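Below: one structure, written as structure tokens.
Order of the sequence lines fixes the chain letters, A, B, ..., with proteins taken first and strands second; residue numbering starts at 1 for each chain. Predicted model only: the values in this text are computed from it and were never measured.
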Protein chains: 2
Amino acid sequence: MLVDQAVTSADKTFLTMRKDIVEGLIRQGSKLSETDLSSRYGVSRAVIREAINRLERCSLVERKANVGARVVALSPEGLIELYQVREALEGMAARLAATNMTDNEIADINQLLNTHFEEVKGGDSYYQEAGDVDFHYRIVVGSKNKQLISTLVEGIYHLVRMYRVQLGMEGPRVTTAYDEHRHIIQAISNRDAELAEMLMRRHIYYSKRNIEQKLSAASENNL
Amino acid sequence: MLVDQAVTSADKTFLTMRKDIVEGLIRQGSKLSETDLSSRYGVSRAVIREAINRLERCSLVERKANVGARVVALSPEGLIELYQVREALEGMAARLAATNMTDNEIADINQLLNTHFEEVKGGDSYYQEAGDVDFHYRIVVGSKNKQLISTLVEGIYHLVRMYRVQLGMEGPRVTTAYDEHRHIIQAISNRDAELAEMLMRRHIYYSKRNIEQKLSAASENNL
DNA sequence: TTAATTAAATATGTCGACAATATAGACAAT
DNA sequence: ATTGTCTATATTGTCGACATATTTAATTAA
């Protein structure tokens, strides 16, 4: 589906590079030499520059004039900041979704949680990861706020995934998160915007605290 | 100060074009022909493409593959969506600022409000506009959250200004807004994160309602 | 007259080459 | 030994030209 929309060579290169960065094939903090990448991906420098421009738009890459581009460096602080922004934006998304989601969309997301529940019972945490992403994605889209959607979907979510993959924090808090999802969609179903926002904010806030614990535990192990 | 940092030709062209778009010299919704702009600004197409890329990053321009770029079209819904995002992000900014701003930064912003008050008494509403921007800017920077800062300062604020300029909504709610600013900085000064966020959200929510009223009044006049 | 097809014109996408800037290393002076 | 300057090298920035896709206009058939 993504590759279908990638009509131009720069589109494909952008998507490939984004994958390589998110999954750590291109290391965090490493320099992006235009000539190197040009030969590596078999396209001209113009295409690489275009791709780098879009990567910069997702906050995956930082550029300095006359010096070049680097992949962003991951840090505990950076992840915390990301979750603070998520708390604010997704909280608002849930609030708006309570008003703007259609009954069909709500029914769909309930069905998603049902199939999801089966997988949680089966103890398959990988699908939990995908399911978690899907749940949050649908709420955000349900807000119907274009600014909100593009900021999260085209920007922040890729960065979050980069952290998850590279710091190995996939599938945390499986069962707890599932219950929280249930409560959120319940509030949306009741068209209770106030509660939906509060529950979503708490949900993300708990995720943040969970991650902070893991981070501090990991840093203690590295002493 | 801005022009100093604009080292490359693309930097300058970007800043010039942004100004022209925000102030309506290049009309909303109009097509951005690369060849036209190239001759208009006296630079090569590569420079124009680079500039358009950055304009797209600010959500001031939208691009379609093999078709081209257009300046975004302003709409009442778009402005509402913008204020919803502002409410969420600046609310969080105020919350974080209550923890992260230094005493000096808080003193500075209080001083700003004092000089500001003199100007409000003098009835000069243009400076109120600039002062309002400055106040919000300082809170956001005071949050110390880089994601938050860049999203607002490099993205949303330019769009907001574009709306204000082109819909002629400069300097609204002069005295009321001033009091609200006072209360917000008071909460931050007390290091009361919870209250700071709530007050900031209300402040922006009131602005939104004020704008909605003006918009509906304007549309009635156009019947 | 309308619809469909095709061809011309125009715009964006991509490329390789050159210009301007920054980095690294050698060398000189303190 | 360290600092500063200068030179050589490599990288990014900019340019004009060509390839490819889209749009417009013209032409033909129904």
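- Of all non-hydrogen atoms in B/V61 and B/E56, the two that sit nearest each other are O-CG, 3.3 Å.
- One finds no side-chain N or O of B/K12 lying less than 4.0 angstrom from the OP1 or OP2 phosphate oxygen of D/dT14.
- B/E90 pairs with exactly one of B/I184, B/L152, B/I139 by the side-chain contact (heavy atoms from CB on, under 4.5 Å) rule, that one being B/L152.
- A salt bridge does not link B/D20 to B/R40: none of the charged side-chain nitrogens sits closer than 4.0 Å to a carboxylate oxygen.
- The shortest distance between side-chain heavy atoms of B/H136 and B/H181 falls below 4.5 Å.
- The separation between B/E34 atom CD and C/dG13 atom C1' is 9 Å, rounded to whole Å.
- Rounding to whole angstrom units, CD of residue B/E62 and C1' of C/dT12 are separated by 18 Å.
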Under 4.0 Å protein heavy-atom contact, by nucleotide of nucleotides 16-24 of chain C - B base, S sugar-phosphate only: -B---SSS-

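- Under the salt bridge (charged side-chain N to carboxylate O under 4.0 Å, His left out) criterion, the residue pairs touching residues 60-71 of chain A are A/R63-B/E50, with sequence neighbours excluded.
- At a threshold of 4.0 Å, the pair A/R49-A/E34 counts as salt-bridged, since one of the basic side-chain nitrogens sits closer than that to a carboxylate oxygen.
- For the pair A/K31 NZ and D/dT11 C1', the interatomic distance rounds to 6 Å; values are reported in whole Å.
- Note on A/E87 versus A/K208: no salt bridge recorded, every NZ/NE/NH1/NH2 to OD/OE distance being 4.0 Å or above.
- Per the geometry, CZ belonging to B/F14 stands 17 Å off C1' belonging to D/dG13, to the nearest Å.
- Residues A/E212 and A/Y83 fail the side-chain proximity criterion, which asks for heavy atoms closer than 4.5 Å.
- For the pair A/T8 and C/dT14, the criterion of a side-chain N or O lying under 4.0 Å from OP1 or OP2 is met.
- Contacts of residues 48-55 of chain B with DNA chain D (heavy atom under 4.0 Å): none.
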